[in-house]
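Working notes, beginning with the structure itself.
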Amino acid sequence: MLRVPVPYAGRVMESEGVQDGAAGAEQAPGGEKAARAEERLEQAVRAAEKALIEFEIAVETFRIEVENFSRLHEQKLGPMYARLEELDARILQARADRTGDPEDLRRAEEARARLAPIPGVEELMNGWMDDQGLFPEAVAMLTDQPVKPPQRVRPSEEARKLYRELVRKAHPDLAQEESERERREEFITRVNAAYARGSVDELKELAEEWAAGPQLKRARSAAEELYARLEWLSQRKEMLTVLAKELEESAIGSMLRLAPDDPDGLLDEIAEQLRAQLAEREAELASLLA
């Protein structure tokens with residue numbers, strides 16, 4: 001887990017104070033001591049920035065992989081899960097028809113209700129259809145045809161480097177005015193989108209755009225900015241730690257971590273298990289209807 005060395009900066013400043021009290025002003029002018037303290041504080045900030053950015057890149061990369069795997073999981077296994085639910089409902093209904101038991105009838109009714117269309121299906125199908133109808137991926141999913149997997153996005157080292165530099169330079173929390181913060185937020189949103197696509201060319205264009213844009217105006221002293229930066233780094237680390245934990249503990253994230261190097265193989269293994277379950281359900285339903 002990432003450790004942002006905020007406490008280190010505090011110890012640096014404290015030790016400087018102790019030395020000042022013990023040795024007095026005879027060792028070196030006050031201005032020189034203050035400069036040394038500020039230099040150490042700046043080193044601590046730079047080390048924390050580097051560690052945090054690496055952590056942020058790792059979290060963002062894992063989030064991209066989770067999203068891709070989630071979509072592929074739904075495309076490849078969604079029809080099987082839907083068929084299992086349908087067979088379970090039909091089995092419960094066939095059993096209830098045979099027994100007439102009120103409890104069996106209740107279970108059958110609940111199963112049928114779960115299969116009923118959900119209001120707002122247009123919103124649920126967002127990304128699967130347009131005004132011309134279903135996209136090819138959706139048609140394949142609904143007709144059991146082979147599904148074309150989504151593009152694998154694994155950002156290259158060059159993309160990671162460009163992303164790292166852009167985040168470090170353009171992060172909204174470096175802004176001192178609301179208008180500047182808004183500009184940076186809009187820019188970083190574009191940077192994140194380009195990184196999610198793994199596009200080195202887009203990131204290079206964004207780097208050129210940022211270099212040509214207005215520069216940050218400094219309204220605080222260097223030391224004040226360093227202390228503010230340390231505080232933000234600590235808060236950002238806590239937020240990223242929570243996000244990383246949520247991703248890792250999600251159903252898709254946990255599944256992906258089982259086979260990070262061969263997620264397709266894991267899906268094939270699950271598909272084989274689902275096919276066996278489907279065969280069992282179909283045999284049971286046939287027996288009840290016979």
Side-chain angles (χ1 to χ4, degrees), residues 62-153 243-290:
F62 186 58
R63 185 190 65 79
I64 293 169
E65 293 180 351
V66 167
E67 286 185 356
N68 286 339
F69 187 70
S70 177
R71 183 182 176 194
L72 183 58
H73 177 273
E74 179 62 26
Q75 288 180 343
K76 196 166 188 177
L77 304 182
M80 293 186 180
Y81 286 123
R83 177 60 176 164
L84 276 174
E85 289 183 358
E86 178 190 353
L87 287 171
D88 284 340
R90 293 181 62 186
I91 288 171
L92 288 171
Q93 186 62 57
R95 185 176 295 124
D97 291 342
R98 276 195 171 194
T99 65
D101 183 88
E103 183 63 19
D104 288 342
L105 291 169
R106 182 188 64 79
R107 291 175 180 172
E109 183 178 355
E110 289 179 352
R112 288 198 310 273
R114 286 194 294 269
L115 295 177
I118 302 174
V121 69
E122 294 83 1
E123 295 181 6
L124 294 175
M125 292 301 289
N126 181 34
W128 293 99
M129 63 185 301
D130 55 19
D131 56 359
Q132 302 298 317
L134 293 172
F135 291 146
E137 294 93 338
V139 173
M141 182 183 73
L142 297 174
T143 58
D144 293 334
Q145 296 175 9
V147 177
K148 181 181 179 181
Q151 179 184 1
R152 293 287 183 202
V153 180
L243 176 59
K245 184 177 181 181
E246 290 176 352
L247 286 170
E248 290 176 354
E249 294 181 353
S250 68
I252 294 296
S254 299
M255 190 181 300
L256 183 58
R257 286 190 294 116
L258 292 175
D261 298 325
D262 186 22
D264 293 330
L266 177 61
L267 289 180
D268 290 339
E269 182 179 340
I270 296 173
E272 187 63 30
Q273 296 173 0
L274 290 176
R275 279 191 284 270
Q277 294 177 31
L278 286 169
E280 292 176 0
R281 301 292 204 286
E282 289 169 350
E284 182 178 359
L285 179 61
S287 176
L288 288 169
L289 296 176

First locate atom [atom1] of [X], then atom [atom2] of [Y], and finally report the distance between them rounded to the nearest 0.5 Å.
X	Y	atom1	atom2	answer
His73	Met255	NE2	CE	4.0 Å
Glu110	Leu115	CD	CG	12.5 Å
Leu267	Gln75	CG	CD	10.5 Å
Asn68	Leu256	CG	CG	9.5 Å
Arg106	Asp101	CZ	CG	10.0 Å
Arg107	Leu105	CZ	CG	11.0 Å

Donor-acceptor list for residues 277-290 side chains, cut-off 3.5 Å, not counting sequence neighbours:
{"from": "Arg281", "atom 1": "NE", "to": "Asp88", "atom 2": "OD1", "distance (Å)": "2.6"}
{"from": "Glu284", "atom 1": "OE2", "to": "Arg95", "atom 2": "NH2", "distance (Å)": "2.8"}

inquiry  = Between Lys245 and Glu248 (salt bridge meaning N to carboxylate O under 4.0 Å), is one present in this structure?
reply    =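 Salt bridge: no.
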key: Glu272/Arg275 salt bridge by N-O under 4.0 Å criterion   =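 Judged by the 4.0 Å cut-off on N to carboxylate O distance, Arg275 and Glu272 do form a salt bridge.
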task = Might you work through the side chain to side chain contact (heavy atoms under 4.5 Å, CB included) test for Leu266 and Asp262, ending with a clear yes or no?
result = CA-CA 7 Å; Leu266 177 61; Asp262 186 22; over 6 Å; no
Under 3.5 Å: donor-acceptor pair, side chain of Ser250, backbone of Leu247 =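 Yes; judged by distance alone, with no hydrogens or angles, the pair exists.
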ask   = Ala271 and Met80: which non-hydrogen atoms are nearest, and at how many Å?
value =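 Looking at all heavy atoms of both residues, the closest pair is O-SD, 3.8 Å.
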query = Can you name the nearest heavy-atom pair linking Pro263 to Phe69, along with the distance?
reply =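 Heavy atoms only, the tightest pair is CB-CE1, 3.4 Å.
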message = For Glu67, give me all partners under salt bridge (Lys or Arg N to Asp or Glu O under 4.0 Å), at least two apart in sequence or on another chain.
response =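 With neighbours one apart ignored, the set is Arg63.
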query = Residues two or more places apart in sequence or in another chain: which of them pass salt bridge (Lys or Arg N to Asp or Glu O under 4.0 Å) with Glu86?
reply =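 Expected list: Arg83.
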key: Validation row: Asp268, Lys76 side chains within 4.5 angstrom (heavy atoms)   =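 Yes, their side chains come closer than 4.5 Å.
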query = Considering residues, nucleotides and ligands other than Gln273, do more than 12 of their heavy atoms fall under 6.0 Å from its CD?
reply =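 Correct, the count exceeds 12.
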